[in-house]
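Have a look at the structure below before the remarks.
Values below: all heavy atoms of this structure, side chains included; hydrogens, waters and symmetry mates excluded. Below, chain A is the first sequence line, B the second, and so on; all start at residue 1.
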Amino acid sequence: MLEVKDLAVAFGSIAPLSGVTFSLAKGETLGIVGESGSGKSLTAMSIMGLLPMSDGRVTSGSIVFDGQELTTLNESDYCKLRGGRIGLITQNPMTSLDPLKKIGTQVDAVAILHLGMAKKKARANTVDILHTLRIPEPALICERYPHQMSGGMKQRIVIAMALAADPDLLIADEPTTALDVTVQAQIIRLLDDLVKQRGLALLLITHDMSVVAQTCDRVVVMYAGRAIEQGPVLDIFDNPQHPYTQALVGCIPRDLKDGEKLTSIPGTVPTVLNYPEGCKFHPRCTRAQNICTTVQPELDRNGDSAVACHFAGASI
Amino acid sequence: MSNLLEVRNLAKKFTSSGGAFRKARTMHAVNDVSFDLPEGRVIGVVGESGCGKSTLARLILRLIEPSAGTLHFNGEDLRAKTPAQMRDLRAHMQMVFQDPYSAIDPRYTIERAVLEPFLVQGVKPIDGAAAQVEALLNMVGLNPGLADRFPHQLSGGQKQRVGIARALALRPSLLVLDEPTASLDVSVQAQIIGLLEQLRDELGLTYLFISHDLSLVRYFCDEILVMYLGRVVEVLPDTNGQACHPYTITLMNSTFVPDPKHRRVIRPLEGEVPSPFDLKPGCAFADRCPQVSEICRAETPELSKHSGHLVACHNPI
Amino acid sequence: MINIIGKKIGAISWLRRSPLAKAFNSWLGKIAGGFLVLLLLTAIFAPWITPFDYAAQNLMNGNAPPAWPHLLGTDQFGRDVFSRVIYGARTSLSVSVTAISISIVAGMTLGAAAGYFGGIFERVVMTIVDLTWSFPDILIALIFVAIIGPGLTSTIFAIAIAYLAQFTRLTRAQIVRLKQETFIEASINLGGKPRHILLRHLIPNAITPVIVIGMLAVGDGIVLEATLGFFGLGAQPPTPSWGAMMSSGTAQLFLSPWVIIFPGMAVAATVIAVNLFGDELIRALDIRDRLKEA
């Protein structure tokens, strides 16, 4: 469905993203996980052709969606794709909703624009979608304005807008970060159901390892603008190969026995402006050797998994 | 072990003033909260946004004036203190704030920020200012070379360490931690939690730890207060304790574990958190509760012992 | 000696790093700022620059057109216009800067107190301050002239009061916003007294936009000073003031236009330079949003 190969993005002379490779099949949930500044949101923006700032551009690599190359696509074709065959869910629902328009009108507009539906049919479609999203009294909700709803409800409306044109791929960029845990759980369940029932492909971008554990089939771990490890979710959590992934898994409190401590990663995430030479993780890595300071490790593929580390394997 | 902090029936009402077309409305941000914090313990307060946990932290430090209830710190009645007496007492009870980005005056160097506690309390740093700054920065794992930097030159984790250094400068006995890691990356969160654990052991601190993250609270705290709409609904005496309140159970089931082998089965949760304005009588969770019965809508449940710990529920599980 | 040089270099590098220096980065800022520096130097060193005594009359050479040695001509009493324009810069700048300084100090005190303490006190202060804003500047000046007679003191007070509301409102808005910041809560939590919170946190964080607006107000102050001088309410003869000079020139507007044109140009150039430089400063410090608050 989606195939990203060796993607690199630059803003002028700054190269915040490079060597990003992954693929996503129908009915699959792929998680992109990383800390702030890892380039996970930028990856999503590149796929959507929404690179911020005028000088941002894809410098190399390819993005193929359903057999169509996206990096060379012109703007008007992209517009048909966005909101049509690719739906986007953002972190802050308020930025996706027009505060001056009724909910119904906003969701209708997507179907009218992309599927050429008549107004009446679009509204029926909207009510249908709101119903599948378990929104009570959908017809009534259509007549409300965004400010009359809670954060969790607004996020459901955003999901409804993403679904209105019956997309094949859903990109969700931190869809639950701004929400409370009980609301997050409901939204995650909703997304899960959508993937299973509609056979959607879901690209879930998050910083939260437990959300990944809960929902994803496969995971891409990003650090400092590179995909450093990927594989099936069980392998990533139970048998991580990259030292960063290993540390990241150890950072989250889970049922630790008494006296067991959280592991932490010394130092801080580098910013685009001070990326180190060689492997971007080497200043914080316990396994770093001389070669790590000079040579950038390439993604080494092994079946369904891949890792970019000179000393991959063996746990800490 | 004596109680460092005793909170009894603490409450805070905010009243919005009415106008020509509006009725005055009362919001119960914190309602009838009581607990003891023994010396050396770590009590966690967990709840979702709007449950009153941050207000509770500020009430305990008297940064907000309580509407009702009593507060005793080290046996002294805090609510009877004059503002001047309260200022002196603040040396013994400190707070680490959620947002390290705005918790330090942007015009202050790190050195000046770390020395501010001494200045406002009129205390001369032992061995001189420079040595004190160095000692404090070392204590929180920061390079003393950062002393002449400004906050905007530091990362979030570094700023939070400065916040901790400021809070600990005057050697308080109680530290209130208001979501100290909520705005940090996970790897940095683990660093800060590790630092807080180490400091507790070294300095014999007592913590009140406010968080929305149940798994973090379970990892870090000895005892957990679960709050919903201004009230404590359950007190889990230890982190392995079995929850009895339907809300706590919902919260636990909504908190994912970072282990794909143990995925949660998420049950649909009806309705939304009710508005904290003009609360109806009865249990605030009644409209969403699977265990709801007649009495829940009529009578607000009090905290009472059930299977060994305090629960505020008419039909505990 | 070396020490002195060291200090000098220290002062220069401080100047380079100061926000004022940032406004010099653009060419517009360079031109406007350069003009203002030149004007300031001219005003300070007026006695050494002017070729003639500004008050020396020479009735035999009245209304002489610009020519050597009277570069900008002479007025009806034969006084050198060039010398008078330069001394006029002294009057205009010192009156405006003094008045605005008084206004800033008073406005910041009132605004900070109102914003910090709030309640009834805030309402009373802001109402009174807003009242001063609703009076025309000229009317305020007339009141002072009526009380203490015409002259520069009246002018200074009139300008100071005319701008009081602006500084008070701007300061209050900043303080009210800053009071919500976590670092203020943190400082209170450390045991900071109101004095400490106000003087060490709130005012230092609020001062930059006030100073910038003050700088812009100096330009307006110069215009107001010239206006009052023009109506004979400001500087009294023989004190040279751009406004008074233009006023005395109106009688011979067609006979000797230079008497009125050059002080007029001086006012216009100064005000334009002040405004351009102020805009550059606002851009350099990135405080446009904070100025909108008031």
How close do [X] and [Y] get, counting heavy atoms only, and between which atoms?
X	Y	result
A:E35	B:V186	OE2-N, 3.7 Å
A:V183	B:E48	N-OE1, 4.3 Å
B:R263	A:V212	NH2-O, 4.3 Å

Item to complete: Give, for atom CG of B:L184 and atom OG of A:S36, the distance between the pair rounded to the nearest 0.5 Å.
Response: 9.0 Å
Practice prompt. Please determine which of A:P266, A:C251, A:S264 meets the side-chain contact (heavy atoms from CB on, under 4.5 Å) test together with B:S187.
Written response: A:C251
Item to complete: Flag yes if more than 12 heavy atoms outside B:N143 fall under 6.0 Å of its CG atom; otherwise flag no.
Response: yes
Discussion item. Heavy-atom count check: over 12 atoms from other residues, nucleotides or ligands less than 6.0 Å from B:Q242 CD?
Written reply: no
Worksheet item: At a heavy-atom separation under 4.5 Å, does B:I193 approach chain A through its side chain, its backbone, both, or neither?
Response: side chain
Worksheet item: Considering only heavy atoms, which portion of B:S155 lies under 4.5 Å from any heavy atom of chain A: side chain, backbone, both, or neither?
Response: side chain
Worksheet item: Can you find a heavy atom in the side chain of A:M209 that is under 4.5 Å from one in the side chain of B:D259?
Response: no
Discussion item. At under 4.5 Å between heavy atoms, what parts of residues 215-224 of chain A are in contact with chain B? List them by residue number.
Written reply: A:T215, A:C216
Worksheet item: Is there any residue in residues 186-198 of chain A with a non-hydrogen atom under 4.5 Å from a non-hydrogen atom of chain B, and which ones are they?
Response: A:Q186, A:I188, A:R189
Worksheet, complete the sentence: Residues passing the side chain to side chain donor-acceptor pair (under 3.5 Å) test with A:Q184, sequence neighbours excluded, are A:T176
Discussion item. I'd like to know which of A:L234, A:L179, A:V269 tops the heavy-atom pair count under 4.5 Å against chain B.
Written reply: A:L234
Worksheet, complete the sentence: One option among A:I236, A:V211, A:T182 has the most heavy-atom pairs under 4.5 Å with chain B, and it is A:T182
Discussion item. Going by the rule salt bridge (charged side-chain N to carboxylate O under 4.0 Å, His left out), which residues pair with B:R264 if we only count those two or more places apart in sequence or in a different chain?
Written reply: none
Worksheet item: What do the steps show when you test B:I266 against A:Q214 for side-chain contact (heavy atoms from CB on, under 4.5 Å), and what is the final call?
Response: CA-CA 10 Å; B:I266 305 162; A:Q214 173 75 23; 3.8 Å; yes
Fill in: Interface residue of largest heavy-atom contact number with chain A, from B:G194, B:A190, B:G50, under 4.5 Å
B:A190
Item to complete: Please test B:M252 against A:V181 for side-chain contact (heavy atoms from CB on, under 4.5 Å), starting from the C-alpha separation and ending with a verdict.
Response: CA-CA 9 Å; B:M252 284 181 166; A:V181 279; over 6 Å; no
Discussion item. Is A:L248 in contact with chain B via its backbone, its side chain, both, or neither, using a 4.5 Å heavy-atom distance?
Written reply: side chain
Worksheet item: Do the side chain of B:Q191 and the main chain of A:G267 share a donor and acceptor less than 3.5 angstrom apart?
Response: yes
